[in-house]
4 protein chains.
Amino acid sequence: MKIKVGIVGATGYTGEELIKTLQYHPYVELSFATSNSHTGKKLSELFPSLSKWRNLSLIESKPESIGDVDVVFLCLPAGESFKFAKYAISQNIKVIDLGPDFRFLNPSNYQIWYNTEHTLPELLEKTAYGLPEFFRDKIKNAQIIANPGCYPTSILLGTLPLLIENVIEADYIISDSKSGMTGAGKTPLQRTHFVSANENINLYSPGRSHRHVGEIEEKLFLLTGKNTKVLFNPQTVPVNRGILSTTYCKLKENTDKNIVYNIYEHYYGNEPFVRLAKDFYPDLHIVQNTNYCYIHILQPESTQFLVIVSVIDNLGKGASKQAIQNFNIMFDLEETTCLI
Amino acid sequence: MKIKVGIVGATGYTGEELIKTLQYHPYVELSFATSNSHTGKKLSELFPSLSKWRNLSLIESKPESIGDVDVVFLCLPAGESFKFAKYAISQNIKVIDLGPDFRFLNPSNYQIWYNTEHTLPELLEKTAYGLPEFFRDKIKNAQIIANPGCYPTSILLGTLPLLIENVIEADYIISDSKSGMTGAGKTPLQRTHFVSANENINLYSPGRSHRHVGEIEEKLFLLTGKNTKVLFNPQTVPVNRGILSTTYCKLKENTDKNIVYNIYEHYYGNEPFVRLAKDFYPDLHIVQNTNYCYIHILQPESTQFLVIVSVIDNLGKGASKQAIQNFNIMFDLEETTCLI
Amino acid sequence: MKIKVGIVGATGYTGEELIKTLQYHPYVELSFATSNSHTGKKLSELFPSLSKWRNLSLIESKPESIGDVDVVFLCLPAGESFKFAKYAISQNIKVIDLGPDFRFLNPSNYQIWYNTEHTLPELLEKTAYGLPEFFRDKIKNAQIIANPGCYPTSILLGTLPLLIENVIEADYIISDSKSGMTGAGKTPLQRTHFVSANENINLYSPGRSHRHVGEIEEKLFLLTGKNTKVLFNPQTVPVNRGILSTTYCKLKENTDKNIVYNIYEHYYGNEPFVRLAKDFYPDLHIVQNTNYCYIHILQPESTQFLVIVSVIDNLGKGASKQAIQNFNIMFDLEETTCLI
Amino acid sequence: MKIKVGIVGATGYTGEELIKTLQYHPYVELSFATSNSHTGKKLSELFPSLSKWRNLSLIESKPESIGDVDVVFLCLPAGESFKFAKYAISQNIKVIDLGPDFRFLNPSNYQIWYNTEHTLPELLEKTAYGLPEFFRDKIKNAQIIANPGCYPTSILLGTLPLLIENVIEADYIISDSKSGMTGAGKTPLQRTHFVSANENINLYSPGRSHRHVGEIEEKLFLLTGKNTKVLFNPQTVPVNRGILSTTYCKLKENTDKNIVYNIYEHYYGNEPFVRLAKDFYPDLHIVQNTNYCYIHILQPESTQFLVIVSVIDNLGKGASKQAIQNFNIMFDLEETTCLI
C-alpha cells in the first residue's frame with residue numbers, strides 16, 4: 001500500500017531535498033511534481049543520480065495540477081501557497097506547506113510580518129504547526145501542516161522547554177544564528193553569487209526585522225502565554241547547508257545548567273530527532289543531511305546567563321526532512337521512516 | 001605631473017581591481033569612472049576601504065563620458081568597446097581595452113569567434129596585443145592596447161618561447177585550465193550561485209569551443225607562422241581568484257626539459273613578472289593579488305612529453321594588473337610601478 | 001540472516017564512509033571495528049548521528065582483533081594490510097582491502113611503486129581487483145578483494161573499453177585529475193591545513209611519479225596486452241569530496257566519438273553504477289555521496305583527439321561504496337543493495 | 001634614513017603578514033628574521049612573490065639573534081616572548097610583541113588566564129597596550145608594545161567608548177564572534193584540517209573560558225573602573241581571514257542609537273582606521289587585507305538593546321597591521337604609512 005504524493009515547486013532546494021529523501025520511503029509513490037522553470041523536463045535531467053521516479057516529467061505549477069494524490073507538499077514562496085492549499089483541501093487532499101503562509105495561528109500576525117493579506121483564515125483551525133516535539137497530536141489530525149521555518153526550528157527547540165518550565169527570564173531572548181547559503185534560496189542574486197559569499201560572512205535583516213522573529217514570538221506566546229521579545233541576528237556563512245544558532249538568555253534565580261539539562265531530558269528523552277550534546281560542541285557536520293537537532297548548553301562561569309547552542313540542517317530538520325517527519329505522523333507511520 | 005585616467009565599466013571585477021591597484025600609482029589621477037548599474041554613487045559606497053578617490057561619483061557609461069583624460073581603460077563585454085574606442089581615439093585619447101574586441105589582429109577571426117562584425121578594422125594597425133613579454137615595442141607606440149584574455153595569458157607565456165624556438169611539436173597543444181569564479185563574471189547566474197559552485201568543479205566550453213582558443217591560436221600563428229591546434233578545457237573551481245593551466249605538449253627529438261628551461265631563461269630572465277618555479281609546484285596562493293606568472297615544467301619519466309604548469313591571478317596578470325603594466329610601458333614609466 | 005562484518009581502521013575517511021553506508025545494509029551486522037587512535041571509544045562518540053551500532057566500542061588494531069566474522073574490510077595505509085590479510089585468510093575470513101597492498105597482480109610491480117616488499121605473493125591468486133565492471137566473475141569467487149584506488153577507478157572506467165576495443169592509440173594517455181581533500185587523508189599536515197588548501201589548487205606527484213600510475217598501467221596491460229604509458233597529474237582542489245578526471249587520448253583513424261559512445265553502451269549499458277552523460281557536463285555534485293561514475297566524452301572539432309571526462313566520489317565509487325559493491329557481489333546479494 | 005627592524009617567528013601567519021606589509025614601508029629595513037622550522041632558508045623560498053628582502057636568510061630563534069636593530073617584532077606563542085623581550089630591552093632595542101605576554105597590566109591577571117608566571121613584571125611600566133585609539137600617547141613613549149589580541153581589538157573598539165561615556169549598562173556584555181581559520185594558527189591539527197573546517201562552523205572556548213575574556217575585561221576595567229563581565233563565544237568559519245563580532249549590550253535609559261553614533265564620531269572621527277558603517281552591514285570583504293575596523297550598530301525595534309557589529313581582518317587590525325600602526329606611532333612616522 002503506497003501513499004500517493006505530489007510536490008509543487010519541486011526544483012528549489014527544499015523540493016529537491018524532499019524528492020531525494022522520499023525516494024527511500026517504502027510507502028511513498030510520487031505521483032506528480034511541478035515546476036514552472038523546468039516544465040516538461042524529466043526528474044532525471046535535473047537530478048541525474050536519482051534512483052526512483054527518473055522518468056517522471058515535471059508539470060506546470062497550477063492548482064489544477066494537483067491530481068489524484070493523498071497529500072501534496074508545497075515548496076513555494078510567501079503568498080503563493082494559498083490557492084494551492086485551497087484547491088487541495090477542496091479535493092480532500094492533505095497539505096504539507098514548507099512555505100510560511102500557514103505558520104501563524106493568528107492571520108493578522110501573518111499580515112504584519114509578511115505584508116500580505118491572509119486569504120484563508122478559515123483553514124487555520126485545520127492547520128497544525130509542524131514542530132512534532134510540541135504539536136504531535138495536532139499534526140496527527142490536521143489537514144494542513146505548516147512546516148516551521150528553519151531558524152525558528154533551531155531556536156524554538158532550544159528555548160520552548162525552558163520558557164514553558166519557567167526557568168529562564170521571559171522578557172527577551174537573543175539569538176545569533178549562522179546559516180549556510182541554501183538558506184538564501186536558489187535565485188541568483190548579487191549576494192548569492194559565489195564571489196560575494198565566499199570568504200565572507202553576511203549579516204542581514206538583523207534586530208527584530210526578519211520575518212522569522214514573528215513566527216518565533218507567536219509560538220512562544222502560544223505555548224507560554226508570555227510576550228517574549230526575540231532579538232535575532234541571522235548571518236550567512238560560506239557553507240552549503242546547516243544552521244548554528246547561539247541563543248543567549250537569563251536563568252532565573254536558583255536555577256542552573258543542570259536543571260536545564262533535566263528539563264531537556266524530560267522533553268526530548270523520547271524524541272527521535274532532538275539530541276543533547278552534553279560532552280561536545282555540536283557543529284554543522286554532525287547534522288548535515290540528517291533530521292537531527294543537537295543542543296548544547298553552557299552557563300558562563302559566575303553568571304546566571306545560559307547559552308544555548310543548537311544546530312540543524314536547514315534543509316533537514318529545518319525544512320524537507322521535518323516535513324517528512326510530519327508526513328509520517330500524519331499518515332500514522334513509524335515517525336523515523338526514511339529519516340534515520 | 002599626473003597622467004589623467006578614466007575607467008569605463010568600473011564596477012565589474014576588472015574595474016574594481018584596476019581602481020584598487022591604481023590608487024597606489026604615484027603618477028595616476030583618476031578623472032572619471034563609469035557604471036550603468038551604479039550611476040551617481042560615490043566610489044566609497046561601492047569600495048568602502050578605498051583610500052583615494054572616495055568621493056568620485058560614477059557617471060553614465062556612454063562614449064561622451066570620456067572626457068579630458070590621457071587614457072581610458074575599457075572594462076566591457078564583447079562587442080561593446082568599439083564605440084568607446086572610436087570616440088576616444090577621435091579625441092586623441094589612448095585606449096587600454098580589457099575586453100576582447102581588439103585582441104584579434106585579423107578582424108575576420110574576431111567575427112568567427114565572437115559571431116559579431118568587427119566594426120573598426122582600421123584601428124587594428126594602431127593596436128598592440130598587450131602581452132609585454134612579446135609585444136613590448138608595439139605597446140610603447142600603440143594607441144590601443146588589447147589586453148589579453150586571462151586563459152591566453154597563462155597559456156601563451158608557457159608555450160610561445162617553445163614554439164618560436166621550435167623545441168616542441170607544433171601541430172597541437174592541450175591545455176587543461178582551472179579558474180577561480182571571478183573569471184565567470186559578476187552577473188548572478190545559476191552557475192555562479194554559491195551553492196552551485198561550492199563543493200564543485202565545472203567544465204564549460206571544452207574542446208575547441210571557448211573563444212580563447214581563437215585568441216591563442218592567432219597569436220601562436222602570428223609569432224611562429226605555424227598552425228597549432230589548441231585543445232582547451234576550462235574548468236571553474238570554488239576559489240575567488242587564480243588560474244592554473246596545465247599544458248601538455250610533445251618535445252621534439254633531441255630536446256629535453258633542460259633545454260626548455262634555458263629557453264625560458266633566455267626569454268624571461270629579465271622579465272619582471274614571469275618567474276620560473278624550478279624547485280616547487282606553483283599554486284594559486286603565490287600569485288593571488290599579484291601580476292606574476294610562475295611557470296614550472298616537467299618531463300614525465302621516459303617520455304618526450306612536456307608538461308607546463310603556469311599560474312596567474314586571473315584579475316592580476318590575467319587582466320587588470322597586466323593592463324597597468326601595459327599602461328606603464330605606454331607612458332614610459334618604470335614598468336613595475338605599483339605592481340611590486 | 002546477517003553477514004558478520006569487521007572493519008580495521010574504522011576512523012579514517014574510508015572507514016567512516018563504510019560504517020555510515022553499511023548501517024543501511026539490510027544483511028550486515030557490524031561485529032567489530034578497530035582504531036588505534038580511538039581505542040575504547042564508542043562509535044557514537046566519533047559519529048554522533050549514526051543510527052546503528054552506536055554502542056559498539058572500538059578495539060585495538062591488531063590481527064587477532066579479527067574475530068568471528070564472515071568478512072573484514074581493511075582501511076589501512078600501504079604495507080599495513082599484509083599481516084591482517086594473512087591472519088584473516090588463515091581463519092577463513094574473506095578480505096576486502098581498501099588499501100593498495102593487493103592491487104598489483106604482479107608483486108614486483110608493487111615493490112617498484114610502493115618501495116616495499118610484497119610479503120604475500122601466494123595470496124595474489126586468490127585475489128580479485130575490485131572493479132566490478134571488468135572483474136565481476138573473479139570477485140564472486142575471490143577470497144581477497146583489492147579495492148581499486150580512487151584515481152584509477154575514474155581513469156580505468158573511461159579508458160579500458162576503448163583500449164580493449166582498439167579505438168584509441170595505445171602508446172599513451174594523459175590524465176589531468178582533480179580531487180577533493182578527503183583524498184589527501186585525515187592526517188593533519190601543513191598541506192591539508194585549511195588555510196593552505198582553501199582558495200588554492202595544489203599539484204602533487206605529477207608526471208609519472210604518483211603510485212596510481214603503476215596501478216593503472218598494470219591493469220591496462222592486463223586487459224589489453226599493450227604497454228600504455230600513463231601521464232597523470234593529480235591536483236587537489238578546495239572541496240571535501242569528488243574526483244573529476246579529464247583524460248586526453250587519440251582516436252584511431254576511421255573512429256569517432258559516436259563509435260566510442262556505442263562501445264560504452266555495450267560495456268556499461270547494464271552496469272548499475274556507470275552512466276553516460278551524453279547531454280551535459282558531469283560535475284562533482286551529481287556523484288557526491290553516491291557510487292556512480294558519470295562519463296562524458298568530446299572530440300574537439302576537426303581533430304582526432306578524444307577527451308574523456310569522468311567523475312566519481314573519491315569515497316564512493318573511489319573507495320568505500322565500491323567496496324560495498326564488491327561485498328554485495330562476493331556474498332551473492334543484489335549488487336546495488338544500500339547503494340542506490 | 002631607515003629604521004632597522006627584526007622579526008622573531010617570521011614564518012607563522014602574523015610574521016608573514018608583517019613582512020609582506022613592511023616591504024612597502026619606505027622607512028623600514030629588515031635586518032633579520034628568525035624561524036626555527038625554516039632556519040637557513042631564504043625568505044623567497046617561503047614567500048615566492050615577495051618583492052624585497054628575497055635573499056635574507058632565516059636565522060635561528062634565540063634571544064642572541066636579536067642583533068643591531070632599532071626594534072624587534074615578536075610573533076611567538078604565550079610564554080615565549082619573555083626572554084626575547086628581556087634581551088632586546090637590555091640592548092636598548094624596542095619591542096613590539098604580537099603575542100599575549102605583555103597584554104595584561106596586572107601580571108597576576110596574566111597568570112590567571114595563561115596559567116604561567118609572568119617573569120618580567122618590572123617591564124610592564126615601560127609597556128603600552130597597542131590599541132592606538134585609546135593608548136596613543138603611551139605608545140609613543142613605550143619601550144614595549146603589547147599588540148592586542150584579534151578578538152579584543154574587535155570588541156574593545158565597539159564597546160570602550162560606550163562604557164567610558166556611560167551609555168550602556170556595565171555589568172555584562174555578550175559577544176558572539178566569528179573568525180577565519182588563520183586565527184586558529186598555522187599548526188596542523190585535526191580541527192584545522194581542511195575537511196574538518198570546510199562546510200562547518202566550530203564553537204570553541206565559549207562562555208568565559210577563552211583567554212581573550214581576561215584581556216578584554218582588564219582593559220574595560222582599566223578605562224572605566226567598572227567590572228564588566230564579558231560573555232564571549234568564538235566560532236571559526238571556513239574563510240581564511242576576518243573577524244565579525246556581534247556584541248549585545250543594554251542601553252541605559254534615555255539613551256539611544258543616535259547618541260551612540262555621536263559618541264563614536266567623537267572618539268573615532270579623526271581616527272584613520274576606525275570607520276562607522278552607518279548605511280550598510282559591514283562584511284569581511286571590506287576589511288580583508290586592510291587595517292580598518294568598521295562598526296555598525298542597531299537598536300532592535302522597541303527595545304533598549306544595542307547590537308554592535310564590528311569587523312576587522314584578524315591579521316590586519318587584529319594583528320600585524322595594527323603592529324605596524326603602533327610602529328609608526330612609536331617612531332613618530334605618519335601613522336598610516338604603508339597601511340592605506
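Below, chain A is the first sequence line, B the second, and so on; all start at residue 1.
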Walk me through it: do D/V237 and A/K178 pass the test side chain to side chain contact (heavy atoms under 4.5 Å, CB included)? CA-CA 10 Å; D/V237 295; A/K178 302 93 195 170; 5.8 Å; no
Looking only at A/N240, A/L231, A/L284, most heavy-atom pairs under 4.5 Å shared with chain D are made by A/L284
Once you round to the nearest 0.5 Å, how far does CG of D/N233 lie from OG1 of A/T246? 6.0 Å
Leading residue by heavy atom contact count with chain A [cutoff under 4.5 Å; candidates D/P206, D/G242, D/G180, D/S209]: D/P206
Just by distance, do the side chain of A/H285 and the backbone of D/A197 share a donor-acceptor pair under 3.5 Å? no
Using heavy-atom distances under 4.5 Å, tell me whether D/Y172 contacts chain A through its side chain, its backbone, both, or neither. side chain
Proximity breakdown for D/V195 and chain A, heavy-atom pairs closer than 4.5 Å: backbone
Using a cut-off of 6.0 Å, state whether more than 12 heavy atoms not belonging to A/N258 lie near its atom CG. yes
Where does A/V311 contact chain D at under 4.5 Å (heavy atoms): side chain, backbone, both or neither? neither
What part of D/I201 lies closer than 4.5 angstrom to a heavy atom of chain A: side chain, backbone, both or neither? both
Spatial distance of atom CG (D/L244) from atom CG (A/N202) [nearest 0.5 Å]: 9.0 Å
On a heavy-atom basis, which atom in A/S302 and which in D/K229 lie closest, and how many Å separate them? O-NZ, 3.3 Å
Engaged part of D/L203 at the chain A interface, taking heavy atoms whose separation is under 4.5 Å: both
Most heavy-atom pairs under 4.5 angstrom with chain D, which of A/D283, A/D176, A/V239? A/D176
Is it the backbone or the side chain of D/V213 that comes under 4.5 Å from a heavy atom of chain A, or both, or neither? neither
Could you tell me whether a side-chain N or O of D/Q288 sits under 3.5 Å from a main-chain N or O of A/E199, the two making a donor and an acceptor? yes
Chain D: which of A/N200, A/N198, A/I174 shares the most heavy-atom pairs with it under 4.5 Å? A/N200
With only heavy atoms counted, which part of A/S205 is less than 4.5 Å from chain D, the side chain, the backbone, both or neither? backbone
Side chain, backbone, both or neither: which part of A/V230 has a non-hydrogen atom closer than 4.5 Å to chain D? neither
Under 4.5 Å to a heavy atom of chain A? For D/Q299 that would be neither
